[in-house]
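The structure appears below as structure tokens.
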4 protein chains.
Amino acid sequence: MSPAPERRGELLATAAEVFAAQGYSATTVREIADAAGMLAGSLYYHFDSKESMLDEILATFLDGLRARYDAVLAAGLGPRETIEALVTASFREIARHRAAVAIYQQESPHLRTHPRFGYLADAQQKFARAWLGTLERGVAAKDFRADLDIRLTYRFVRDTVWVAASWYRPDGQHSPEEIARQYLSTVLEGIAVRE
Amino acid sequence: MSPAPERRGELLATAAEVFAAQGYSATTVREIADAAGMLAGSLYYHFDSKESMLDEILATFLDGLRARYDAVLAAGLGPRETIEALVTASFREIARHRAAVAIYQQESPHLRTHPRFGYLADAQQKFARAWLGTLERGVAAKDFRADLDIRLTYRFVRDTVWVAASWYRPDGQHSPEEIARQYLSTVLEGIAVRE
Amino acid sequence: MSPAPERRGELLATAAEVFAAQGYSATTVREIADAAGMLAGSLYYHFDSKESMLDEILATFLDGLRARYDAVLAAGLGPRETIEALVTASFREIARHRAAVAIYQQESPHLRTHPRFGYLADAQQKFARAWLGTLERGVAAKDFRADLDIRLTYRFVRDTVWVAASWYRPDGQHSPEEIARQYLSTVLEGIAVRE
Amino acid sequence: MSPAPERRGELLATAAEVFAAQGYSATTVREIADAAGMLAGSLYYHFDSKESMLDEILATFLDGLRARYDAVLAAGLGPRETIEALVTASFREIARHRAAVAIYQQESPHLRTHPRFGYLADAQQKFARAWLGTLERGVAAKDFRADLDIRLTYRFVRDTVWVAASWYRPDGQHSPEEIARQYLSTVLEGIAVRE
DNA sequence: CATGAATGAGAGTTCATTCAT
DNA sequence: TATGAATGAACTCTCATTCAT
């Protein structure tokens with residue numbers, strides 16, 4: 001009968017917003033509490049620690065993303081369509097979980113050492129395999145150029161997608177799908193005019 | 001008038017390494033001192049504060065980068081060659097100042113509010129004008145496609161270049177020039193095979 | 001006018017157990033509530049504060065003990081028989097209120113300063129007079145040796161009795177009476193073999 | 001050249017005094033710092049934590065005590081003389097480390113569970129063997145009565161000795177040796193007059 | 001009677017910084 | 001130049017307590 005899970009979710013969204021804006025380490029628990037309209041100590045009724053808030057934010061985001069990627073990969077599309085679907089799914093996740101993505105971008109390098117956040121490295125490996133596998137399939141199918149270093153290309157693509165979280169504003173003029181289309185056009189066809 | 005500018009430079013390089021690895025806020029002065037083989041208090045003979053170390057690291061890096069960009073823009077190249085030169089210069093700076101670039105990437109969003117770091121926003125504006133101007137020139141000259149959103153394209157290009165600092169390892173297999181070539185090929189021609 | 005004095009007693013017994021095991025200061029209200037199968041806040045329906053639980057536990061124990069001592073002293077026994085009766089009564093109280101005795105032992109030194117617990121000092125004085133008076137009577141009656149320092153002897157006897165609360169287990173092999181007998185034999189006759 | 005070890009010792013003595021007076025849990029780090037004439041945070045230059053202060057106090061005390069007991073046991077005395085020497089050594093330790101002994105008495109029951117303080121149980125076992133072995137030797141040699149429960153007797157003796165720390169005042173009228181003599185007379189010969 | 005959520009004071013601890021030596 | 005010791009503010013977290021439901 002208690003609407004508790006909602007409250008948790010609200011608080012996590014608030015915390016994510018503050019973490020994204022200031023960085024995890026630079027954010028004080030008091031600031032989160034202020035943003036949530038409560039006292040710092042009160043947060044500890046809902047969460048064990050500041051770290052466990054971060055944990056829950058990242059784990060929730062990564063679970064959702066994994067599900068989307070799995071759905072895309074299970075759809076049996078060709079390499080080019082798979083890349084398009086992965087990019088579009090990614091931009092949609094950025095639109096839905098902008099704060100979580102920004103936190104992920106900023107903190108994941110430092111966090112990966114920490115045992116508690118080992119799942120970050122796991123997820124990253126899984127995602128890497130999805131992208132790399134698709135790029136390889138595309139090269140084999142002659143959809144993608146064979147003369148590019150695949151690992152470098154993967155990194156370029158991955159970074160460009162995710163770093164968008166740092167400037168994307170949901171109230172802006174571009175829908176996730178529009179951004180995905182522009183981005184795909186850039187990366188697939190290049191910006192140079194074809195003669 | 002302290003007589004050892006070299007020592008300063010060494011200490012700043014050490015501090016930059018630690019900042020890049022752990023994040024500025026998460027780094028303690030003691031950790032920097034440990035890495036430098038001295039005690040925390042001793043750093044204050046060389047620097048006013050932790051913040052002024054950050055300041056000097058970023059300012060030095062941005063000054064250098066500005067000089068390179070100015071040189072490129074002053075060379076009177078065509079739009080495509082200018083883009084190529086800017087990208088190559090950027091990857092060279094990443095190779096030379098990896099830690100500083102990583103810090104810049106991580107901290108610049110939070111820092112821009114802070115008056116002391118107003119020059120970050122200035123620099124960013126200056127760089128934005130360089131990129132945007134060149135892209136516009138390229139579109140006008142029909143070097144670049146006219147159907148792309150120029151601001152989005154700029155963001156894609158800018159982010160992908162700089163985010164490379166997070167994975168670039170100077171001891172790795174790729175020279176900055178090689179990375180620049182691959183990246184330019186990707187972004188100019190696209191990864192799709194042309195029929 | 002709360003209608004369940006039994007519940008109060010159960011809760012106090014639970015609290016006493018936890019206080020005895022962990023110390024009063026180191027015990028949290030939540031731990032007591034956990035042990036009682038309720039939430040921390042719910043305890044405040046029954047008690048004003050954590051301190052008032054401690055108060056009630058100690059006062060109840062001391063009231064009972066005072067009654068036993070009074071009964072012994074009113075019985076008009078000789079000094080030796082009085083000592084024997086006091087010791088036996090004490091071990092019986094330890095058996096019945098082990099937790100309260102343990103708390104009393106641990107906390108009474110710190111608590112005596114606190115005005116609310118002034119009755120601890122009163123009781124202790126009363127008990128001291130009972131023991132000292134009996135020892136003096138015994139020395140006068142040549143039941144007890146005259147060459148011992150009576151205050152030191154009192155302290156030795158008192159401490160040995162009460163400190164037993166820290167190791168006494170009601171389910172162990174020794175009844176309170178058996179322990180009292182052994183102890184009295186030790187203190188009255190000594191452990192050395194008589195020639 | 002730094003007199004640091006002395007400072008540590010002074011601070012530990014101060015902390016021990018406060019712990020003994022108020023109990024470990026009820027003592028705040030600020031109270032210790034006040035007593036030492038410094039700020040709370042400054043204590044952390046010298047110690048890792050409040051707990052590590054407790055640790056060092058207890059370990060130092062137990063190490064010293066163990067050395068004394070070992071010396072006594074190595075002296076090859078008869079059972080009665082060994083008991084006398086152990087008791088005297090104990091009262092001397094109480095006189096020298098009154099606060100540490102008081103803390104040991106109060107906190108050791110709760111602490112024994114804690115892995116960090118496992119050495120408390122070890123030491124206690126070692127001491128128990130020393131006392132029990134000597135009592136057994138004494139019974140075998142007909143120095144001590146055979147009709148007493150040896151474990152009970154051990155507990156009586158042990159507790160009475162150590163609990164003296166709670167009332168012993170070094171500036172009082174009794175030297176440790178005097179107290180030991182009185183106590184030994186009580187426990188060896190008994191307080192009853194011999195016919 | 002008990003819960004769930006919050007309060008607010010204060011606890012232990014961290015850390016940038018200072019300064020006499 | 002560097003050290004050792006201390007400062008003081010702020011931080012994360014705890015906990016007794018309150019109260020509407």
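Proteins get letters first, then strands, A, B, ... in listed order; numbering begins at 1 in each.
Annotation: E:dC1 and F:dT21 have their P atoms spaced 22 Å apart (nearest Å).
Distance, C:I32 CD1 to F:dA16 C1': 11 Å, rounded to whole Å. As a whole-Å value, the separation of D:M38 CE from F:dG4 P is 16 Å. Residue A:L54 contributes atom CG, which lies 13 Å from atom P of F:dT12 at whole-angstrom precision. In this structure, C:Q22 atom CD and F:dC15 atom P are separated by 11 Å, rounded to whole Å. Residue C:D34 contributes atom CG, which lies 12 Å from atom P of F:dC15 at whole-angstrom precision. Atom CG of D:L39 is separated from atom C1' of F:dG8 by 7 Å (rounded to the nearest Å). Atom CG in C:L43 sits about 15 Å away from atom C1' in E:dG4, given to the nearest Å.
If you take CZ on C:F117 and CG on C:L62, they are separated by 11.0 Å, rounding to the nearest 0.5 Å. With rounding to the nearest 0.5 angstrom, the CG atom of D:L111 is 11.5 Å from the CD atom of D:Q106. Rounded to the nearest 0.5 angstrom, C:I94 CD1 and C:R96 CZ are separated by 12.5 Å. A distance of 4.5 Å separates CG in A:L65 from CH2 in A:W162, rounded to the nearest 0.5 Å.
Of all the residues in residues 102-119 of chain B, not one reaches under 4.0 Å from DNA chain F with any non-hydrogen atom.
A search for side-chain contact (heavy atoms from CB on, under 4.5 Å) contacts involving A:T28 returns A:R30, A:E31, not counting sequence neighbours. Residues satisfying the ring-ring contact (aromatic ring centres under 6.0 Å, His included) criterion with A:F47, sequence neighbours excluded, are absent altogether. Taking D:Y24 as the reference, D:F19, D:K50, D:E51, D:L54, D:E107 meet the side-chain contact (heavy atoms from CB on, under 4.5 Å) condition, with sequence neighbours excluded.
The shortest heavy-atom contact between A:A26 and B:S25 is CB-OG, 3.3 Å.
Checking B:I103, B:T27, B:D34 one by one against B:V18, the side chain to side chain contact (heavy atoms under 4.5 Å, CB included) holds for a single residue, B:T27.
Under 4.0 angstrom from either OP1 or OP2 of F:dA5 there lies at least one side-chain N or O belonging to D:Y45. For F:dG4, neither phosphate oxygen OP1 nor OP2 lies less than 4.0 angstrom from any side-chain nitrogen or oxygen of D:H46.
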Contact string for nucleotides 11-21 of chain E, one letter per nucleotide 5' to 3', B = base within protein heavy-atom range under 4.0 Å, S = sugar-phosphate only, - = neither, reads SBBBSSBB---
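Side chains of A:D55 and A:Y119: a donor-acceptor N/O pair is present below 3.5 angstrom, by distance only.
At least one donor-acceptor pair closer than 3.5 Å links the side chain of C:R8 to the backbone N or O of C:H46.
Base pairing in DNA chain E yields stems of at least 3 consecutive Watson-Crick or G-U pairs, both distances under 3.5 Å, namely E:2-21 with F:2-21.
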